[in-house]
Amino acid sequence: MRDSLPISVRVLLVIAAIVSAGCNAADDRVRLSVFAASSLTESFLELEQEFERAHPEVDVQLSFAGSQVLRLQIEQGARADVFASANESHMAELVEARLVQPSQTFATNELVVIVPEDNPAALESFADLWRATRIVVGTESVPVGRYAREVIDRASSAYGGEFAAAVRAHVVSEEVNARLVRTKVELGEADAAIVYRTDAMASGSLRVIPIPPPINVRARYPIGIVVTQADSTRSIDFVQFVLGEQGRDVLRRHGFTMEEP
């Protein structure tokens with residue numbers, strides 16, 4: 001009977017069989033759920049591709065959000081195999097609660113000020129930040145917001161308390177992750193924002209103003225394996241991949257730095 005079918009129908013049946021086989025093959029892959037801080041988006045998307053190329057039997061599924069949100073989800077029982085945080089304290093709480101195995105620092109980051117290309121506040125250096133009338137930072141619970149507040153506090157000793165007070169007074173919005181902070185500036189809804197250097201590098205429509213090293217902070221990114229009943233072999237493989245030279249190369253391309261032993 002099949003031979004009597006029109007050629008076009010037979011072709012469609014073959015294509016459908018191939019697609020079905022591909023779907024079944026994909027379904028047979030081992031699922032690996034990775035929770036990662038939003039500032040890791042571009043780098044971990046590339047790491048996902050590289051890891052799956054080396055481990056075709058694994059399907060890496062990435063979930064990005066603020067570190068505090070991901071921590072809460074893990075505490076509430078969300079299915080995750082690996083957690084990569086932008087903040088050591090969120091990871092430490094999970095390790096102490098025995099929800100995540102002891103973690104390792106895999107990358108570091110620092111903060112910068114970003115402004116729109118037309119730079120409406122005419123900022124030339126970090127010392128000018130007080131002149132911006134619309135400043136955006138992260139909320140106090142999100143790492144990028146906590147680090148931004150630390151930078152502003154440190155600036156008091158260099159530029160005086162009036163500088164820090166003026167910067168705080170000009171904060172018009174607090175966002176729940178670094179990506180949303182950057183978006184406010186990209187949309188022209190802010191004159192300046194404090195974000196990670198890697199987030200600034202990922203955008204082609206912003207100007208970057210460095211923060212002096214004595215004032216800046218170094219954000220350390222820990223990665224750990226979530227404690228589950230499942231086989232952790234693939235989780236171990238992924239963490240080792242991130243910590244290995246190939247993973248470090250990817251992270252460096254996206255602007256992260258490494259702590260040398």
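We use all heavy atoms of the structure for the numbers below, so side chains are in, but hydrogens, waters and symmetry mates are not. All values derive from a computational prediction rather than experimental measurement. Residue indices begin at 1 and follow the sequence shown.
The shortest side-chain heavy-atom distance between Phe35 and Ser67 does not fall under the 4.5 Å cut-off. Inter-residue side-chain proximity for Leu129 and Val113 is flagged as met; some heavy-atom pair is nearer than 4.5 Å. Here the side chains of Phe44 and Phe64 are in contact, with some heavy-atom distance below 4.5 Å. Inter-residue side-chain proximity for Arg131 and Leu123 is flagged as met; some heavy-atom pair is nearer than 4.5 Å. In this structure, the side chains of Glu50 and Leu47 stay at 4.5 Å or more apart for every pair of heavy atoms. In this structure the side chain of Ile225 reaches within 4.5 angstrom of the side chain of Ile236, judged on heavy atoms. When side chains are defined from C-beta on, Phe256 does not count as touching Phe106, because their heavy atoms never get closer than 4.5 Å. The shortest side-chain heavy-atom distance between Val242 and Leu251 falls under the 4.5 Å cut-off.
Checking side-chain atoms of Arg149 against main-chain N and O of Gly145 turns up a donor-acceptor pair under 3.5 Å. Checking side-chain atoms of Ser203 against main-chain N and O of Ala200 turns up no donor-acceptor pair under 3.5 Å. For the pair Ser33 (side chain) and Arg79 (backbone), a donor-acceptor distance under 3.5 Å is present. Between the side chain of Glu42 and the backbone N or O of His254, no donor-acceptor pair lies under 3.5 Å. Remark: the backbone N or O of Ser125 is paired with a side-chain donor or acceptor of Asp128 at under 3.5 angstrom. A distance-only check finds no donor-acceptor pair linking the side chain of Asn216 to the backbone of Pro212 [under 3.5 Å]. Side-chain atoms of Asn109 never come within 3.5 Å of backbone atoms of Ala219 as a donor-acceptor pair (strictly under, hydrogens ignored). Judged by distance alone, with hydrogens and angles left aside, the side-chain atoms of His170 form a donor-acceptor pair with the main-chain N or O of Ala132 at under 3.5 Å.
For the atom pair CD of Glu175 and OG1 of Thr139, the computed distance is 8.5 Å after rounding to the nearest 0.5 Å. Between Ser43 atom OG and Arg252 atom CZ the span is 13.0 Å, to the nearest 0.5 Å. Here CG of Asp118 is found 9.0 Å from CG of Asp191. Values are rounded to the nearest 0.5 Å. Rounding to the nearest 0.5 Å places CD of Glu186 at 10.5 Å from CG of Leu180. Separation of atoms CZ (Arg71) and CG (Asn87) is listed at 9.0 Å; rounding is to 0.5 Å. Between the CZ atom in Arg29 and the CD atom in Glu57 there is a gap of 9.5 Å [rounded to 0.5 Å].
The closest side-chain donor-acceptor pair between Ser89 and Arg146 falls under 3.5 angstrom. Of the N and O atoms on the side chains of Thr257 and Thr108, at least one donor lies less than 3.5 Å from an acceptor on the other residue. Using a 3.5 Å distance cut-off with no hydrogens or angles, the side chains of Gln61 and Asp59 do pair a donor with an acceptor.
Between Leu32 and Arg234 the shortest heavy-atom distance is CD2-O, 3.9 Å. Across every non-hydrogen atom of Ala36 and Leu40, the tightest pair is CB-CD1, 4.1 Å. Here the closest non-hydrogen pair linking Ala158 and Ile215 is CB-CD1, 4.0 Å. Between Val142 and Val176, the shortest heavy-atom distance links the atoms CG2-O, 3.3 Å. For the pair His90 and Pro143, the tightest heavy-atom approach, listed with the atom from each and the gap, is CD2-CG, 4.1 Å.
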Assess the residue pair Val82 and Val239 against the criterion (side-chain contact (heavy atoms from CB on, under 4.5 Å)); give the C-alpha distance rounded to whole Å, side-chain angles, the decisive distance to 0.1 Å, and a yes or no.
CA-CA 8 Å; Val82 175; Val239 170; 4.1 Å; yes
Run the side-chain contact (heavy atoms from CB on, under 4.5 Å) test on Val144 and Asn177 for me, step by step, so that the C-alpha distance in whole Å, both residues' side-chain angles and the decisive distance to 0.1 Å come before the verdict. CA-CA 7 Å; Val144 72; Asn177 64 58; over 6 Å; no
- Item | Full working for side-chain contact (heavy atoms from CB on, under 4.5 Å) between Tyr159 and Phe126 | CA-CA 10 Å; Tyr159 307 118; Phe126 180 74; 3.6 Å; yes
In sequence, state the C-alpha distance, the side-chain angles, and the governing distance for Glu174 and Lys184, and then conclude on salt bridge (Lys or Arg N to Asp or Glu O under 4.0 Å). CA-CA 10 Å; Glu174 298 182 0; Lys184 287 287 187 179; over 6 Å; no
- Task: Take Glu110 and Arg197 through the test salt bridge (Lys or Arg N to Asp or Glu O under 4.0 Å) and record every step on the way to the result.
- Result: CA-CA 6 Å; Glu110 64 181 7; Arg197 177 163 52 91; 3.0 Å; yes
Exercise for review: Could you walk me through whether Val226 and Asp81 pass side-chain contact (heavy atoms from CB on, under 4.5 Å), step by step?
Suggested key: CA-CA 5 Å; Val226 180; Asp81 299 304; 5.7 Å; no
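Cluster membership for Val181 and Val185, using ILVMFWY side-chain heavy atoms within less than 4.5 angstrom, is shared. Under a hydrophobic-cluster definition in which Ile, Leu, Val, Met, Phe, Trp and Tyr are linked whenever side-chain heavy atoms come within less than 4.5 Å, directly or via other members, Val227 and Val100 are assigned to different clusters. When hydrophobic clusters are built by joining Ile, Leu, Val, Met, Phe, Trp and Tyr residues whose side-chain heavy atoms come closer than 4.5 Å, directly or via intermediates, Tyr221 is grouped together with Met258. A chain of hydrophobic side-chain contacts below 4.5 Å, direct or via other Ile, Leu, Val, Met, Phe, Trp or Tyr residues, connects Leu70 to Val95. Two different hydrophobic clusters hold Phe238 and Ile74 under the rule that ILVMFWY side chains link at heavy-atom gaps under 4.5 Å.
By the 4.0 Å N-to-carboxylate-O rule, Asp199 lies close enough to Arg179 to be salt-bridged with it.
A search for salt bridge (Lys or Arg N to Asp or Glu O under 4.0 Å) contacts involving Arg220 returns Glu259, not counting sequence neighbours. When the salt bridge (Lys or Arg N to Asp or Glu O under 4.0 Å) test is applied to Arg253, the partners found at least two apart in sequence or on another chain are Glu46.
The environment of Glu162 atom CD is sparse: at most 12 non-hydrogen atoms of other residues, nucleotides or ligands sit within 6.0 angstrom.
Ring-plane geometry between Tyr147 and Tyr196 is classed as perpendicular, the angle between the planes exceeding 60 degrees on a 0 to 90 degree scale with a lower cut at 30. Using bins of under 30°, 30° to 60° and over 60° for the plane-to-plane angle, the ring pair His55/Phe51 lands in the parallel bin.
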